[in-house]
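The figures here come from the full heavy-atom set of this structure, side chains too, leaving out hydrogens, waters and symmetry mates. Here the structure is a predicted model, which means the values were calculated and not measured.
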There are 2 protein chains.
Amino acid sequence: MPRGSARPVVRPLFAQIEDLLVDRLRSGEWKPGEPLPSESEFAEAYRVSQGTVRKAIARMAADNLVVRFRGRGTFVASHTNEREHSHFFHLHRDDGTKDFPQSRIISCRRRKAGLDMTRRLHLDAGADVTVIERLRVIGGAVRAIETIMVPEERFRGLGAMRGEDLPNELYPLYETRYGVRVIRAEERLKAVAADAREAEALGVTVGSPLLEIDRTAMTYADVPVEWRRSRCNTEKHFYFSALR
Amino acid sequence: MPRGSARPVVRPLFAQIEDLLVDRLRSGEWKPGEPLPSESEFAEAYRVSQGTVRKAIARMAADNLVVRFRGRGTFVASHTNEREHSHFFHLHRDDGTKDFPQSRIISCRRRKAGLDMTRRLHLDAGADVTVIERLRVIGGAVRAIETIMVPEERFRGLGAMRGEDLPNELYPLYETRYGVRVIRAEERLKAVAADAREAEALGVTVGSPLLEIDRTAMTYADVPVEWRRSRCNTEKHFYFSALR
DNA sequence: GAGTGGTCTAGACCACTGT
DNA sequence: CAGTGGTCTAGACCACTCT
């Protein structure tokens with residue numbers, strides 16, 4: 001999507017503080033789940049008022065970069081937290097409830113990136129990628145088949161992992177094992193027809209309509225780190241999107 | 001969707017001010033596009049500091065209830081503004097560009113609400129509704145067929161309008177003619193198979209996969225005012241969703 | 001009790017708009 | 001020019017957590 005607009009020449013103080021703090025987050029100075037220094041410490045260190053630091057951190061909290069607790073402190077957001085678990089999973093049962101998906105790995109291999117991957121993941125030609133194929137089981141039934149592509153460079157050794165060792169949720173793994181924190185994602189949805197392989201995996205007839213979810217996941221500074229394509233049987237589920 | 005949680009017993013001042021202002025917005029005290037009184041006026045009237053009013057209005061701006069301009073003032077948000085035009089339309093061309101849809105009315109009739117409509121629109125049994133059917137033309141080709149359902153009570157006389165008199169965009173009409181401002185919407189997406197009628201309208205074969213977008217549009221206080229169901233040919237377009 | 005973030009105030013200065 | 005919203009400061013009080 002058309003993103004990223006030119007920055008104004010002069011930035012407010014709080015925005016500059018925010019930039020500095022986001023840079024320090026990106027550098028890994030504080031790991032996911034760890035506490036940041038307090039507002040007053042930052043205020044003193046940067047020689048600005050506490051209110052200015054507050055505004056900077058409030059924006060980081062609004063962007064889900066950190067979470068704040070009164071009386072406890074400010075912590076780097078983490079996908080390992082229960083609250084953020086499946087934060088990016090938008091399939092709901094028709095009755096509106098949301099039950100969390102299980103994963104069943106089909107394959108996990110290392111490959112050379114195709115042209116599409118190099119473009120989506122901002123890779124050089126010939127770069128290595130790990131490609132994971134898996135089924136997603138919701139409420140006991142296979143509801144989606146998913147292809148996940150990540151650069152080997154950032155996730156060294158992932159391509160050599162055995163399927164049984166891969167967890168249900170990948171983003172916590174990205175965080176803890178590779179220090180890659182997924183911040184936001186963009187999804188492109190289409191209706192497509194099931195091919196023979198998909199139809200068999202999902203237990204539907206060839207040509208059945210499937211919801212394709214094409215996701216690019218990004219870390220700090222909008223750098224893409226994962227490309228994922230799911231094809232979902234939406235007979236009993238829907239993808240939820242809130243507009244405002 | 002599971003929405004609306006219990007309010008805390010004691011609400012901060014700024015939140016109370018926000019509630020009061022939203023109530024006054026809802027009452028129609030200021031029409032879309034019109035200016036609100038200034039921060040300092042509200043501060044004096046409610047006997048709170050200007051900073052507290054600022055925080056209340058900032059939240060209303062974040063919710064797209066109002067728009068603010070430095071030097072000019074605060075204005076009630078309106079779908080008639082260019083910026084908000086097609087704000088809720090999420091279909092993009094495959095190349096990422098977004099061109100705006102034209103509408104071709106198929107029919108516009110008054111009916112008795114079915115059980116589904118009474119439930120979706122919070123109506124009494126036997127209530128009258130206006131049902132509009134139309135095609136959406138994007139880039140010269142028919143890309144979607146759409147059914148729109150609104151309560152006659154709120155949109156009196158809409159059901160008697162001739163198709164030629166209905167504009168491309170309905171939300172500006174809702175605003176100017178009926179004083180109904182759409183604030184937010186929820187969409188549920190599925191992949192479905194085209195039936196004979198849809199296939200003919202969209203120029204695809206029967207059974208082709210279509211993206212169904214099922215939207216409930218709401219005004220202030222999450223009151224539903226429109227139910228809309230679109231079935232889209234996504235061969236050359238995708239539905240965009242940003243996750244954070 | 002010391003330390004955290006959340007609320008609220010009061011006042012200053014600024015950029016920008018309309019006249 | 002007066003009036004608007006945007007930024008920044010400094011300080012007070014609060015609810016809450018940890019030890």
Side-chain angles (χ1 to χ4, degrees), chain A residues 5-22 24-25 30 33-78 81-83, chain B residues 5-22 24-25 30 33-78 81-83:
Chain A
S5 45
R7 279 191 182 169
V9 182
V10 49
R11 312 204 73 210
L13 241 192
F14 71 82
Q16 297 179 45
I17 301 291
E18 187 187 358
D19 292 345
L20 291 170
L21 295 184
V22 171
R24 293 175 69 175
L25 269 185
W30 311 288
E34 285 181 5
L36 270 62
S38 69
E39 289 178 356
S40 50
E41 285 177 87
F42 281 134
E44 196 177 357
Y46 288 121
R47 308 302 212 86
V48 298
S49 79
Q50 189 171 335
T52 299
V53 172
R54 168 179 303 283
K55 189 156 184 179
I57 301 184
R59 286 162 60 110
M60 294 162 63
D63 285 346
N64 293 321
L65 298 187
V66 298
V67 288
R68 317 197 76 187
F69 303 97
R70 182 170 49 181
R72 289 212 280 139
T74 302
F75 302 81
V76 183
S78 167
N81 293 336
E82 272 309 316
R83 280 198 63 261
Chain B
S5 46
R7 279 191 182 168
V9 182
V10 49
R11 311 203 75 210
L13 241 192
F14 71 82
Q16 298 179 45
I17 301 291
E18 187 188 358
D19 291 344
L20 291 171
L21 294 184
V22 171
R24 292 175 70 175
L25 269 184
W30 311 288
E34 285 181 5
L36 268 63
S38 69
E39 288 178 356
S40 51
E41 285 177 87
F42 281 133
E44 197 177 357
Y46 288 120
R47 307 304 212 82
V48 298
S49 80
Q50 190 172 335
T52 299
V53 173
R54 167 179 303 282
K55 189 155 184 179
I57 301 185
R59 285 161 61 109
M60 294 162 64
D63 285 347
N64 292 321
L65 299 187
V66 298
V67 289
R68 316 196 78 185
F69 303 97
R70 181 168 49 180
R72 290 211 281 138
T74 302
F75 302 81
V76 183
S78 168
N81 293 337
E82 272 310 316
R83 278 197 65 259

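In plain terms, the two heavy atoms of B/Ala56 and B/Glu18 that are nearest each other are CB-N, 3.7 Å. Here the shortest heavy-atom pairing between B/Ser40 and B/Gln50 reads CB-OE1, 4.3 Å. For the pair B/Gly33 and B/Ser78, the tightest heavy-atom approach, listed with the atom from each and the gap, is N-CB, 4.1 Å.
Residues B/Met60 and B/Leu25 have side chains in contact (heavy-atom distance under 4.5 Å, counting atoms from C-beta outward). Two residues are said to be in side-chain contact when any heavy atoms from C-beta on lie closer than 4.5 Å; B/Arg11 and B/Asp19 meet this criterion. Side chains of A/Ile57 and A/Phe42 form a contact here, defined as non-hydrogen atoms less than 4.5 Å apart.
In this entry the distance linking CD1 of B/Ile17 with P of C/dC8 reads 9 Å, nearest Å. Computed from coordinates, the B/Glu44 CD to C/dA10 C1' distance equals 15 Å when rounded to whole Å. Distance B/Phe14 CZ to C/dG6 P: 10 Å, rounded to the nearest Å. The nearest whole Å value for the distance from the CD1 atom in B/Ile57 to the C1' atom in D/dT4 is 11 Å. Taking atom CZ on B/Arg47 and atom C1' on C/dC8, their separation rounds to 16 Å, with Å as the unit. To the nearest angstrom, C1' of C/dT7 lies 12 Å from CD of A/Glu39. As a whole-Å value, the separation of B/Gln50 CD from C/dC13 P is 15 Å. Note: CZ (B/Phe75) to P (D/dT4) measures 11 Å, nearest angstrom.
Judged by distance alone, with hydrogens and angles left aside, A/Arg54 brings a side-chain donor or acceptor within reach of the base of C/dG6, the pair sitting under 3.5 Å.
Out of C/dC8, C/dT17, C/dT4, the shortest distance to the side chain of B/Ser49 is found at C/dC8. Each of C/dT4, D/dT9, C/dT9 was ranked by its minimum atom distance to the side chain of A/Glu41; first place goes to C/dT4. Checking C/dG5, D/dT7, D/dG5 against the side-chain heavy atoms of A/Thr74 singles out C/dG5 as nearest.
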Fill in the blank from the handout: Note, DNA chain C 5' to 3' with Watson-Crick or G-U pairs under 3.5 Å encoded as ( ), [ ], | and . gives |||||||||||||||||..

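Close to C/dT4, at under 4.0 Å from its OP1 or OP2, lies a side-chain N or O of A/Ser38. Phosphate contact (OP1/OP2 of D/dC8, side-chain N/O of A/Lys55, threshold under 4.0 Å): absent. Residue B/Thr52 has a polar side-chain atom (N or O) positioned under 4.0 Å from OP1 or OP2 of C/dT9. When the side-chain nitrogen and oxygen atoms of A/Arg68 are compared with OP1 and OP2 of C/dG6, one or more of them lie within a distance under 4.0 Å.
Position along DNA chain D of the nearest nucleotide to A/Ala15 versus A/Arg70 favours A/Ala15 as the more 5'-ward residue. Ranked by how close their nearest DNA chain D nucleotide is to the 5' end, B/Gly71 and A/Gly71 are led by B/Gly71.
Atom CZ of A/Arg47 and atom OG1 of A/Thr52 lie 14.0 Å apart (nearest 0.5 Å). Separating the CG atom in B/Leu36 from the CG atom in B/Leu21 is a distance of 7.0 Å, to the nearest 0.5 Å.
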